[in-house]
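Written out below as structure tokens is the structure these notes cover.
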2 protein chains.
Amino acid sequence: MTKGGGRHMVAGIVQEPLINKGAKSRRDTAIAEDTVGTTQLDTVPEPKYWHLRTVLSEALDSEFSVGEILPNERDLAARFGVARATLRQALEQLELEGRLQRRRGVGTTVAPPRVGVAVGSEQHTWPGASGDAWQPADCAVAVPPAAVAQSLEIDPDEQVHIVRRSRVTHGQPVAAELLYIPASSVPDLSGIDAPSGTARARGVLRELQRLELDGDDRAVELGSAGADDAKELDRLPGAPVLVVTTRFFAGGRTAAVSVATYRADTCRLTFGDSVGVEIHHDPERRAS
Amino acid sequence: MTKGGGRHMVAGIVQEPLINKGAKSRRDTAIAEDTVGTTQLDTVPEPKYWHLRTVLSEALDSEFSVGEILPNERDLAARFGVARATLRQALEQLELEGRLQRRRGVGTTVAPPRVGVAVGSEQHTWPGASGDAWQPADCAVAVPPAAVAQSLEIDPDEQVHIVRRSRVTHGQPVAAELLYIPASSVPDLSGIDAPSGTARARGVLRELQRLELDGDDRAVELGSAGADDAKELDRLPGAPVLVVTTRFFAGGRTAAVSVATYRADTCRLTFGDSVGVEIHHDPERRAS
DNA sequence: AAGTGGTCTAGACCACCGC
DNA sequence: CGGTGGTCTAGACCACTTT
């Protein structure tokens, strides 16, 4: 059981408090070999890390409260008698599910329930309209990604205005956005003197309001944060994000495209008018 | 450079075709130590796996076509001069982004672009209405998860009808759904004799249509597939899924709740009326 | 039987945080 | 400085699919 490779067939990993938060005591590495007399039917060779995930998840529900800090990974791995890599695989899952939050140099803490962030308020409005949750940060002119250019129905080499905005909820950054606006959508920028920066971003958005919005169009997909987004979202590169792509229509064409990346670990995107209470927690459920 | 732990500071991993699809040749493990004369400013200590992800991503764009099978992990790792675990970390990222598809016992293939699946057709309809994309599979009676019970505003111990449905697009399963319907929403089930199975599922849904639908409410979040969902979606447990929770309102209360899990690797959820062309590919973009 | 991706281990170094 | 999570390695066995 010491070295060797991937064996399956889990032997019930059990302990009374499941996790002894205090110092490592004598028989901490103990693993109960047989929870029942006869060895269980190994019909479902559950991977170790998956079983660990379940055990930890239950421990999280019963023995920990939000914000509490878990024992460190080396201790936890020792307690459960697995390699650190395996323990980490389980923690990774739980972080993906929004149950845990890990910060380098600090530790692993129990995450609060995901915050519901409203996306697409049903009554369609331009970005920058009064009362929207975004804060303009910057503005530049550049060639957009090919996919965006195609969506905007412009030449692949044509430059557009790119407004960068960020969204903050409860003091934490939850999303970063890039807004692509063709020059044709904001024909008169004479009133804006700032060549860049927040002031210009605001100006471009204000100019955009003058168009009559016909409607919009949204898509959500999973992505991973690039180096830039990661920094803005206070995450590491590769962190999972929900990418919301919105197309704004005016005058029979696509007048602007927004690509917003939301922290997948902390956000629950809500559509429609109602607020929506906490829903969905454990992926292990099924009707009889 | 051989053994040892996490060094950062990437030395440009380069090759002409980037990936020699054929047999491993003599100097395949070669790594160009210095792409430029002076060692690059290591301002951004990019992790190896992240750099690898980028290199592979570009190779995927330029040298591979959809459905093509990549060299196996052991070969790839050797070609790039990294441990298999590190190579796998890069592949994992690319799979998360929907660029790759890995199947045990088969190999790693280039994934087709994500399919756009319509969610919430703007004109709100009951599940099971003519023309919806779901196929009823089963029906049972059981106690729902606590979060669902709360959303339905029923007693935590109260049993509800649970209709299981699945959604198939282009011959591939893309989503699994559990529909929770309180008995009060379908008061007259006398016309349905089947105690369970597809027939009963259809009957319950038909009965649901009789209520007048006031509206609905959607939320999207990241989750991981449980063992059951994983099997239905032809994925391994823990696979990332987009969880869409929909609440259906009728008569001033929540008449039904749907929890649908979509394959996050292959799906792009679309909201609104338009179809939406391919958008968003590389997470490495930014305005100047 | 052979080959693939999936799981697991034991040990190491690194980047970051707070003291 | 010490402690934390993040990255990396080399090697092994396992489950699965195909030949």
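Below, chain A is the first sequence line, B the second, and so on; all start at residue 1. Side chains are part of it too, since the values below use all heavy atoms of this structure and drop only hydrogens, waters and symmetry mates.
Map A:V106 and A:A83 each onto its nearest nucleotide of DNA chain C; the residue landing nearer the 5' end is A:A83.
Among the nucleotides D:dT7, D:dG6, C:dG6, the one closest to any side-chain atom of B:L236 is C:dG6. The side chain of A:T86 lies closest to C:dC8, out of C:dC8, D:dT4, C:dG6. Out of C:dT4, D:dT9, C:dC17, the shortest distance to the side chain of B:V82 is found at D:dT9.
If you check distances only, the side chain of B:R84 does reach the base of C:dG6 with a donor-acceptor pair under 3.5 Å. Below the 3.5 angstrom threshold, one finds no donor paired with an acceptor across the side chain of A:R103 and the base of D:dG6. If you check distances only, the side chain of A:R74 never reaches the base of D:dG3 with a donor-acceptor pair under 3.5 Å.
Per the geometry, OH belonging to A:Y49 stands 21 Å off P belonging to D:dC13, to the nearest Å. Residue A:L52 contributes atom CG, which lies 12 Å from atom C1' of C:dC8 at whole-angstrom precision.
Of the charged side-chain nitrogens involved, none lies within less than 4.0 Å of a carboxylate oxygen, so that A:D229 and A:R235 do not count as a salt-bridged pair. Using a 4.0 Å cut-off between charged nitrogen and carboxylate oxygen, B:E92 and B:R53 do not count as a salt-bridge pair. Using a cutoff of 4.0 Å between basic side-chain nitrogens and carboxylate oxygens, A:D265 and A:R102 are not scored as salt-bridged. The pair A:R167-A:E177 fails the salt-bridge criterion, with no side-chain N (NZ, NE, NH1 or NH2) lying under 4.0 Å from an Asp/Glu carboxylate O.
At the phosphate of D:dT9, OP1 or OP2 sits under 4.0 Å from a side-chain N or O atom of B:K48. Using a 4.0 Å cut-off, no side-chain N or O of B:T108 falls inside it from OP1 or OP2 of C:dT4. Contact between the side-chain N/O atoms of A:R88 and the OP1/OP2 oxygens of D:dG6 is found at a separation under 4.0 Å. In this structure, A:N72 reaches the D:dT4 phosphate: one of its side-chain N or O atoms is under 4.0 Å from OP1 or OP2.
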